Amino acid sequence: MSKIRGGDIRAAGIPDGPAMGVALSCIPRAVKHLGRDVALQRLAEIAAAPDRYTDDADFAPLAERLIADAREADRRFVERDAPAPYVNYCGDADPGALEQMRNSLRLPSAVRGALMPDAHRGYGLPIGGVLETEGTVIPYAVGVDIACRMKLSVLDVAPEALDEHGGRLKDALLKQTQFGTGAKLRKRADHAAMDDDRWALTPLARRLRDRAWEQLGTSGSGNHFVEFGLLTLPAPDLGLEAGRYVALLSHSGSRGAGAQIAGHYSKLARELRPELPKELSYLSWLDLDHDSGREYLALMRLMGEYASACHAVIHERVVGHLKAEVLAGVENHHNYAWTSERDGREVVVHRKGATPAAEGELGVIPGSMAAPGFVVRGKGRPESIDSASHGAGRRMSRKAATEQFNWQMVRPVLAERGVELLSAGIDENPFAYKDIEAVMAQQTDLVDVIGRFDPRIVRMADAGERPED
DNA sequence: ATGTCC
């Protein structure tokens with residue numbers, strides 16, 4: 001007697017998605033009671049008429065799940081009379097980004113939006129898009145790299161160390177950071193985030209835990225970086241005197257685990273909304289009164305803890321290598337959804353490539369490898385939904401940047417800025433980004449700049465094109 | 001962003 005597999009369950013009419021997981025968990029007991037063939041036949045009967053099996057000894061949970069899924073799928077998209085309002089802070093937004101922002105405000109649960117000055121086209125919500133909804137969460141309004149975030153540590157290292165090319169700071173980055181899609185640490189790091197109960201919340205999370213642990217403390221590819229730079233504080237702040245400091249800045253997210261969770265739930269959301277017009281498909285939502293939405297939120301928050309842990313390990317390793325002390329720090333998510341209660345309803349603020357900037361809230365907005373980043377304090381401007389840009393924003397696509405630039409063209413600007421680049425892809429070159437000063441000028445209403453960070457020793461994922469080439 | 005389509 002062969003085992004019942006996913007394919008058999010699908011063939012019986014149980015769709016992929018959460019119901020499949022429930023079916024799999026019911027099967028062993030059912031096979032013991034009924035035998036393989038009757039169990040399979042019962043699956044087909046339940047798929048056809050789940051409401052007749054809510055008291056079934058073996059398959060009641062499956063029947064309940066199929067009924068709940070059908071109820072959710074019944075809530076069809078209805079075009080609203082007018083889209084919800086949004087405020088545009090981006091002076092040079094490309095038409096594609098504006099269209100994506102406007103489309104997101106057609107969703108039934110959309111309350112309001114805001115477009116940050118670094119906006120550009122993404123999937124679903126544009127990068128630099130902020131969207132407030134009620135009762136729903138939208139995986140593609142958080143983004144593929146769930147909980148992508150910044151962390152800055154100010155160190156008790158003399159600024160002169162930044163001028164020692166080939167010195168100990170470079171050595172720390174080369175020895176203590178790992179980059180690339182599948183990057184792992186040779187010796188597994190440890191962090192309390194790996195003991196979180198939510199790694200057991202769903203079969204997917206359970207499956208992802210081990211690789212996530214291997215990847216704990218690594219950076220990914222693309223725009224992820226770990227760099228040393230000069231932090232200039234014109235006035236006392238962050239508990240520090242005014243002055244010049246060496247600081248460590250990292251940018252990365254939830255690695256493979258977050259990408260898998262994003263992929264899983266955005267696929268599920270799209271499957272649950274087959275009636276959405278094509279241009280809204282990547283804005284498919286999950287309801288917060290359904291398991292799918294609650295699960296996504298719980299796992300998104302777990303990815304928040306995990307991404308934060310990755311940064312913590314990176315900083316611990318690099319700072320430990322230098323035997324230095326951390327004097328102060330600033331960190332923030334910029335791909336995340338924040339929830340709160342309003343009049344008994346759950347409000348969700350999605351920021352996809354946007355820095356939280358509530359009044360007094362600290363954040364880091366990087367420029368590029370050859371342009372300054374800024375430590376900011378939010379002003380809590382309601383029209384911006386308490387947000388600011390998450391960087392300079394791309395000026396051109398990765399493809400265009402790869403076609404138009406080579407390292408020969410980039411090297412002079414790195415030299416001029418005193419930047420030692422250890423590795424990066426050419427599509428991350430500074431010309432591929434908007435002018436950070438112009439972006440900051442568009443958000444003087446949203447944040448106060450309290451410090452300036454000039455990158456000096458930069459490590460990114462090696463795309464096989466070193467600056468020496 | 002992601003071992004880049006379970």
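Small disclaimer: the values here were computed from a predicted structure and weren't measured. Lettering follows sequence order; numbering is per chain, from 1.
- In this structure, K267(A) places its NZ atom 12 Å from P of dC5(B), rounding to the nearest Å.
- We find that CD1 of I14(A) is positioned 22 Å from P of dC6(B), with the value rounded to whole Å.
- For I9(A) and dC6(B), the CD1 to P distance is 18 Å, given to the nearest whole Å.
- Within the nucleic acid shown, G220(A) comes within 4.0 Å of sugar-phosphate atoms alone, with no base atom in reach, counting heavy atoms only.
- Residue contacts shown for R398(A) are limited to sugar-phosphate atoms, with no base heavy atom under 4.0 Å away.
- Rounded to whole Å, atom C1' of dT2(B) lies 13 Å from atom CG of N335(A).
- The side-chain heavy atoms of V458(A) and E420(A), taken from C-beta on, include no pair separated by under 4.5 Å.
- Here dT2(B) presents its C1' atom at 15 Å from CZ of R207(A), a figure rounded to the nearest Å.
- Taking atom NE2 of residue H264(A) and atom P of nucleotide dC5(B), one finds them 16 Å apart after rounding to whole Å.
- Following rounding to the nearest Å, D8(A) (CG) and dC6(B) (P) show an atom-to-atom distance of 20 Å.
- Spacing between atom OH of Y123(A) and atom C1' of dT4(B) amounts to 11 Å, rounded to whole angstrom units.
- Annotation for D195(A): atom CG counts as buried by contact number, over 12 foreign heavy atoms lying within 6.0 Å.
- Both S221(A) and Q260(A) lie near DNA chain B, and the one whose nearest nucleotide falls closer to the 5' end is S221(A).
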>> Test side-chain contact (heavy atoms from CB on, under 4.5 Å) on L185(A) and L216(A); report intermediate values, then the result.
In response: CA-CA 7 Å; L185(A) 287 189; L216(A) 178 66; 6.0 Å; no
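- Between K352(A) and I127(A) the shortest side-chain heavy-atom distance falls below 4.5 Å.
- Mapped onto DNA chain B by nearest heavy atom, D16(A) and G222(A) fall at different nucleotides, with G222(A) at the one closer to the 5' end.
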